[in-house]
Amino acid sequence: FIERVILLSTHALVARMASAVALNRFVSWALILLASSCKARSDVPLLGYGTANIDDVGTIASAIAAGYRLVDTATLYNNQRQVGEALRQSGVKRDDIYLITKVGFWPGTPLDPLFRILRRLGALGAGMESFLLASKGYEEEALRAAKEDLQVEYLDLCLVHSPITTLSEFLVAFVPHRLGRFGAFRGLPRWLAPPLRALLRGLDATVGGGAEAR
């Protein structure tokens with residue numbers, strides 16, 4: 001009897017999961033159709049496709065073919081060439097795509113003058129070049145490079161990728177967030193949170209001061 005109950009419960013659970021998957025697919029397609037037919041007052045599509053961690057041209061082109069009309073990329077993602085190729089492969093007119101990029105993610109550092117000299121001398125590798133283009137102070141250059149990589153004449157919107165302006169702000173805000181996503185804090189007791197927060201704020205004020213500490 002118990003085995004029969006478990007079996008019936010398992011079948012019911014599987015059926016419910018299958019229904020949930022089908023419902024999710026239906027809702028996703030409904031949202032895409034709605035976004036394709038409706039636009040906000042500013043003509044920005046209601047539903048967008050973010051390309052962070054996506055550098056496969058076929059995947060991005062398939063999303064556009066499925067109905068996405070807003071595509072978001074960034075200098076930081078280092079995939080703007082692939083996004084541009086996906087736009088061309090999709091067969092959708094450029095004017096029908098709302099294209100967004102983002103610049104200025106990494107904060108500036110005291111070494112920026114040295115980096116600029118090395119860059120002019122051509123002494124920086126591709127990785128360092130990408131890092132600088134995604135940093136504060138290189139926004140205009142990053143925007144020109146984005147248009148070139150995407151092979152488009154214009155972008156519909158360019159955003160500042162991060163409000164962080166100093167290295168100390170980066171240390172206080174981004175590093176704990178990133179470590180937390182990796183699960184680095186799971187083994188720490190909760191009572192350590194207040195002293196750690198105070199330590200980070202003190203470091204921020206000492207090194208250069210983020211907005212909150214000031």
Side-chain angles (χ1 to χ4, degrees), residues 11-106 126-127 129-131 133-136 138-164 173-174 177-178 180-183:
H11 285 171
L13 178 61
V14 171
R16 183 170 296 181
M17 291 174 63
S19 298
V21 170
L23 179 61
N24 286 337
R25 289 180 178 174
F26 173 77
V27 171
S28 296
W29 279 105
L31 286 173
I32 291 175
L33 290 174
L34 177 64
S36 299
S37 58
C38 301
K39 290 187 176 181
R41 290 182 180 179
S42 60
D43 289 335
V44 180
L46 298 178
L47 193 64
Y49 184 75
T51 61
N53 300 318
I54 301 175
D55 57 9
D56 182 71
V57 173
T59 300
I60 303 170
S62 297
I64 297 172
Y68 286 98
R69 290 298 177 265
L70 186 154
V71 178
D72 173 88
T73 183
T75 303
L76 179 71
Y77 301 163
N78 201 26
N79 66 353
Q80 294 182 128
R81 294 181 185 273
Q82 293 90 328
V83 171
E85 180 60 30
L87 291 174
R88 291 184 289 278
Q89 289 188 13
S90 69
V92 178
K93 294 180 180 179
R94 168 65 188 93
D95 291 344
D96 293 334
I97 299 293
Y98 196 92
L99 188 57
I100 300 175
T101 193
K102 300 183 291 294
V103 298
F105 179 83
W106 302 111
E129 178 75 15
S130 298
F131 169 79
L133 282 179
S135 301
K136 306 292 185 187
Y138 293 83
E139 290 84 356
E140 291 187 13
E141 296 172 68
L143 185 54
R144 287 195 295 267
K147 291 172 61 179
E148 181 179 342
D149 289 343
L150 291 162
Q151 294 187 29
V152 296
E153 295 182 359
Y154 67 95
L155 288 154
D156 296 282
L157 182 64
C158 179
L159 300 171
V160 176
H161 203 159
S162 167
I164 294 174
F174 183 76
H177 160 72
R178 179 59 61 179
R181 289 187 63 184
F182 289 150

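These numbers come from a predicted model, not from an experiment.
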Exercise for review: Identify, with sequence neighbours excluded, every residue that meets salt bridge (charged side-chain N to carboxylate O under 4.0 Å, His left out) alongside Lys136.
Suggested key: none

Practice item. For Arg94, check side chain to side chain donor-acceptor pair (under 3.5 Å) against everything at least two apart and list the hits. Key: Asp156

Check your understanding: What is the minimum heavy-atom distance between Asp55 and Gln82, and which atoms define it?
Key -> O-CG, 3.2 Å

Exercise for review: Apply side-chain contact (heavy atoms from CB on, under 4.5 Å) to Glu129 and list each qualifying residue two or more places apart in sequence or on a separate chain.
Suggested key: Arg119, Leu133

**Study point:** side-chain contact (heavy atoms from CB on, under 4.5 Å) partners for Thr101, two or more places apart
**Key:** Thr73, Gln80, Leu143, Ala146, Leu155, Cys158

Review point. What residues, two or more places apart in sequence or in another chain, satisfy side-chain contact (heavy atoms from CB on, under 4.5 Å) together with Ser130?
Key: Asn78

Point to revise | side chain to side chain donor-acceptor pair (under 3.5 Å) partners for Glu85, two or more places apart | key: Arg88, Gln89

**Study point:** Glu148, CD: over 12 other non-hydrogen atoms inside 6.0 angstrom
**Key:** no

**Study point:** For Ser90 against Ala61, the heavy-atom pair lying closest together
**Key:** CB-O, 4.2 Å

Check your understanding: Distance-only, no hydrogens or angles: does the Arg69 side chain make a donor-acceptor pair with backbone N or O of Ile64 under 3.5 Å?
Key -> yes

Check your understanding: Can you name the side chain to side chain donor-acceptor pair (under 3.5 Å) partners of Thr51, sequence neighbours left out?
Key -> Asn79

Practice item. State whether Lys102 and Asp72 are salt-bridged, where the test is any N-O pair (Lys NZ or Arg NE/NH1/NH2 against Asp/Glu carboxylate O) under 4.0 Å. Key: yes

Check your understanding: How far apart are the closest heavy atoms of Val103 and Ala142, and which atoms are they?
Key -> CG1-CB, 3.6 Å

Exercise for review: Check the pair Leu157 / Tyr98 against side-chain contact (heavy atoms from CB on, under 4.5 Å), numbers first and verdict last.
Suggested key: CA-CA 8 Å; Leu157 182 64; Tyr98 196 92; 3.9 Å; yes

Review point. Hey, mind stepping through Leu76 and Trp106 against side-chain contact (heavy atoms from CB on, under 4.5 Å) and telling me if it holds?
Key: CA-CA 9 Å; Leu76 179 71; Trp106 302 111; 3.5 Å; yes

Exercise for review: With sequence neighbours left out, write down each residue that passes side-chain contact (heavy atoms from CB on, under 4.5 Å) with Thr59, or none if nothing qualifies.
Suggested key: Tyr49, Ile54, Asp56

Exercise for review: To the nearest 0.5 angstrom, please state how far the CD1 atom of Ile100 sits from the CG atom of Leu70.
Suggested key: 4.0 Å

Exercise for review: Under the side chain to side chain donor-acceptor pair (under 3.5 Å) rule, collect the residues that match up with Asn53, sequence neighbours excluded.
Suggested key: none

Practice item. Can you sort out the partners of Tyr77 under ring-ring contact (aromatic ring centres under 6.0 Å, His included), two or more places apart, ordered by chain and number? Key: His161

Exercise for review: Applying side-chain contact (heavy atoms from CB on, under 4.5 Å), run through Ile60 and Tyr68 and close with a yes or a no.
Suggested key: CA-CA 10 Å; Ile60 303 170; Tyr68 286 98; over 6 Å; no

